[in-house]
Amino acid sequence: MIYAIISDIHSNLEALKRVLEEIDRFRVNKTICLGDIVGYGANPNECVDIIKERNVESIIGNHDIVACGKKEPYDFNPVARAAVLWTRKTLTSENREFLNNLPDMKLVDDFLIVHGAVSDPDLYIFSSYEARIEFKLMKKHNICFFGHTHVRTYYILINDDVRQFFDHEFKIEPKAKYLINPGSVGQPRDRDPRSSFLIYDTKEGYVKYIRLEYDISTAQKKIIDAGLDRRLADRLSLGM
Ligand code: ZN
């Protein structure tokens, strides 16, 4: 099977369309989304519609949870809070319902998909120390894809040693365990403004990251026109 793994779209229609166009160039059998379809950007309904139409298998992210009304944004900063409440108001009831029904985490084939971490969908994995705690919970599974940090990276557990890598492609070693973050489609935060996702070929045991330029200025203009905080537009061209 060839999977495309995407995450953290954040209502960025321009980025999502560009990524899906690229995914169509590969012989992808299934596209998987690690959550945060909405929040921050100006096109929440359009992004949810595409996820539904294309049958992208998705889990729920922390922004999706608030946008559909399951939780209030108590732990969000003021800019993120204003954007997620705008998103809640803007989403159609069908799309709120769709988000509401997405699972927290899931087993696909023999790998796990989570938004933040295995222990807690809302937790950020930013270091090898944090990755080690999560690896301990992966008793039966060798591979877990996670998002939430918007930073493209992966961690390997081998012979009780945890290491972090940023390579653009790698082969899966059968004796190791992996925590793999595809980066963010709609709001990358690794100082590279290009959209990020990955292709996972299960037969070849191969992972390849892809970065793509997209129409950032249109996405920024829409954020400003929607009356959302200007900083949400600015950060897209900074990649942070
Ligand atoms: Zn996110």
Side-chain angles (χ1 to χ4, degrees), residues 2-28 30-44 46-48 50-51 54 56 58 61-64 79-80 83 87 113 115-116 124-126 145-155 164-170 178-201 206-226 228-240:
I2 299 178
Y3 291 95
I5 316 272
I6 64 176
S7 190
D8 296 280
I9 300 160
H10 285 295
S11 305
N12 187 334
L13 181 63
E14 284 66 36
L16 178 61
K17 285 208 294 206
R18 181 67 193 93
V19 161
L20 291 173
E21 206 178 274
E22 191 68 11
I23 286 173
D24 289 340
R25 293 182 52 235
F26 290 86
R27 285 163 302 136
V28 167
K30 186 135 197 71
T31 302
I32 287 173
C33 173
L34 308 178
D36 277 0
I37 301 167
V38 301
Y40 295 132
N43 288 114
E46 293 79 356
C47 290
V48 174
I50 289 176
I51 294 295
R54 294 191 49 131
V56 172
S58 188
N62 55 316
H63 285 255
D64 305 322
V79 174
T87 303
I113 57 171
H115 182 61
Y124 292 90
I125 303 175
F126 269 125
F145 292 96
F146 71 101
H148 200 33
T149 62
H150 300 205
V151 175
R152 174 191 80 77
T153 189
Y154 64 99
Y155 298 88
Q164 182 177 15
F165 296 88
F166 296 92
D167 303 349
H168 288 273
E169 43 197 314
F170 60 95
Y178 291 83
L179 276 160
I180 308 169
N181 192 321
S184 167
V185 168
Q187 196 196 74
R189 292 181 193 162
D190 55 357
R191 294 177 189 277
D192 179 346
R194 293 175 301 165
S195 268
S196 182
F197 73 101
L198 65 80
I199 299 288
Y200 172 38
D201 184 331
Y206 204 73
V207 173
K208 185 181 169 62
Y209 283 100
I210 294 164
R211 298 302 291 250
L212 293 171
E213 282 176 12
Y214 70 95
D215 184 358
I216 292 180
S217 56
T218 298
Q220 289 174 316
K221 187 175 180 305
K222 285 181 179 175
I223 286 172
I224 293 161
D225 291 350
L228 291 160
D229 196 298
R230 220 207 135 82
R231 282 169 283 186
L232 294 175
D234 294 341
R235 69 188 300 177
L236 294 182
S237 40
L238 303 170
M240 56 187 286

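We number each residue from 1, following the sequence as shown. Computation of the quantities below employed the complete heavy-atom set of this structure, encompassing side-chain atoms and omitting hydrogens, waters and symmetry-equivalent molecules.
Residues that satisfy the side chain to side chain donor-acceptor pair (under 3.5 Å) test with Asn43, not counting sequence neighbours, are Glu46, Lys222. Every ring-ring contact (aromatic ring centres under 6.0 Å, His included) that Tyr3 has, sequence neighbours left out, goes to Phe111. Applying the ring-ring contact (aromatic ring centres under 6.0 Å, His included) test to Tyr124 and every residue at least two apart in sequence or in another chain returns Phe126, His148. Considering only residues two or more places apart in sequence or on other chains, Arg191 meets the salt bridge (charged side-chain N to carboxylate O under 4.0 Å, His left out) condition with none of them. The side chain to side chain contact (heavy atoms under 4.5 Å, CB included) search around Asp24 returns Arg54, not counting sequence neighbours.
Nearest heavy-atom pair across Arg211 and Asp190 is NH1-OD2, 2.8 Å. The shortest non-hydrogen separation linking Ser11 to Gly39 is OG-N, 3.2 Å. Between His150 and Asp8, the shortest heavy-atom contact is NE2-OD1, 3.0 Å. The two residues Ala4 and Val28 come nearest to each other via the heavy atoms N-CG1, 3.7 Å. Contact detail for Thr149 and Arg189: the closest heavy-atom pair is O-CD, 4.1 Å. Across every non-hydrogen atom of Pro188 and Pro193, the tightest pair is CG-O, 3.7 Å.
Summarising the geometry, atom OG belonging to Ser195 is positioned 10.5 Å from atom CD belonging to Glu14; distances are rounded to the nearest 0.5 Å. Atoms CD1 and OH, from Ile5 and Tyr209 in turn, are 10.0 Å apart once rounded to the nearest 0.5 Å. The distance from the CZ atom of Arg152 to the OG atom of Ser7 is 14.5 Å, given to the nearest 0.5 Å. Rounding to the nearest 0.5 Å gives a distance of 7.5 Å between OG of Ser58 and CD1 of Ile113. Taking CD1 of Ile199 as the start and CD of Glu22 as the end, the distance is 8.5 Å to the nearest 0.5 Å. Atom CD1 in Ile210 sits 9.5 Å away from atom CD in Glu169 (nearest 0.5 Å).
In the model, Tyr155 has no side-chain atom that pairs as donor or acceptor with a side-chain atom of Asn181 under 3.5 Å.
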List the steps, then state whether side chain to side chain contact (heavy atoms under 4.5 Å, CB included) holds for Val185 with Asn12.
CA-CA 8 Å; Val185 168; Asn12 187 334; 6.0 Å; no
Could you please spell out the steps behind the side chain to side chain contact (heavy atoms under 4.5 Å, CB included) verdict for Arg18 and Asp215?
CA-CA 8 Å; Arg18 181 67 193 93; Asp215 184 358; over 6 Å; no
Run the side chain to side chain contact (heavy atoms under 4.5 Å, CB included) test on Phe197 and Ile23 for me, step by step, so that the C-alpha distance in whole Å, both residues' side-chain angles and the decisive distance to 0.1 Å come before the verdict.
CA-CA 9 Å; Phe197 73 101; Ile23 286 173; 3.5 Å; yes
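Contact annotation: the side chain of Ile37 never approaches that of Leu16 to less than 4.5 Å [non-hydrogen atoms, C-beta and beyond]. The shortest side-chain heavy-atom distance between Gln164 and Thr153 falls under the 4.5 Å cut-off. Looking at Ile9 and Ile51, their side chains come closer than 4.5 Å, going by heavy atoms from C-beta outward.
At most 12 non-hydrogen atoms from other residues, nucleotides or ligands lie less than 6.0 angstrom from NZ of Lys208.
Across Leu34, Ile32, Leu179, a single residue satisfies side chain to side chain contact (heavy atoms under 4.5 Å, CB included) together with Phe145, and that is Leu34.
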Which side-chain N or O atoms in residues 233-240 pair as donor and acceptor under 3.5 Å with protein atoms at least two apart or in another chain?
unit_1: Arg235; atom_1: NE; unit_2: Met240; atom_2: O; d: 2.7
unit_1: Ser237; atom_1: OG; unit_2: Gln220; atom_2: NE2; d: 3.0
unit_1: Ser237; atom_1: OG; unit_2: Asp234; atom_2: O; d: 3.1

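Using cut-offs of 30° and 60° on the angle between ring planes, the pair Phe165 and Tyr154 is parallel.
Judged by distance alone, the side chain of Tyr214 and the main-chain N or O of Leu13 form no donor-acceptor pair under 3.5 Å.
A salt bridge does not link Lys17 with Glu21: every distance from a Lys NZ or Arg NE/NH1/NH2 to an Asp or Glu carboxylate oxygen is 4.0 Å or more.
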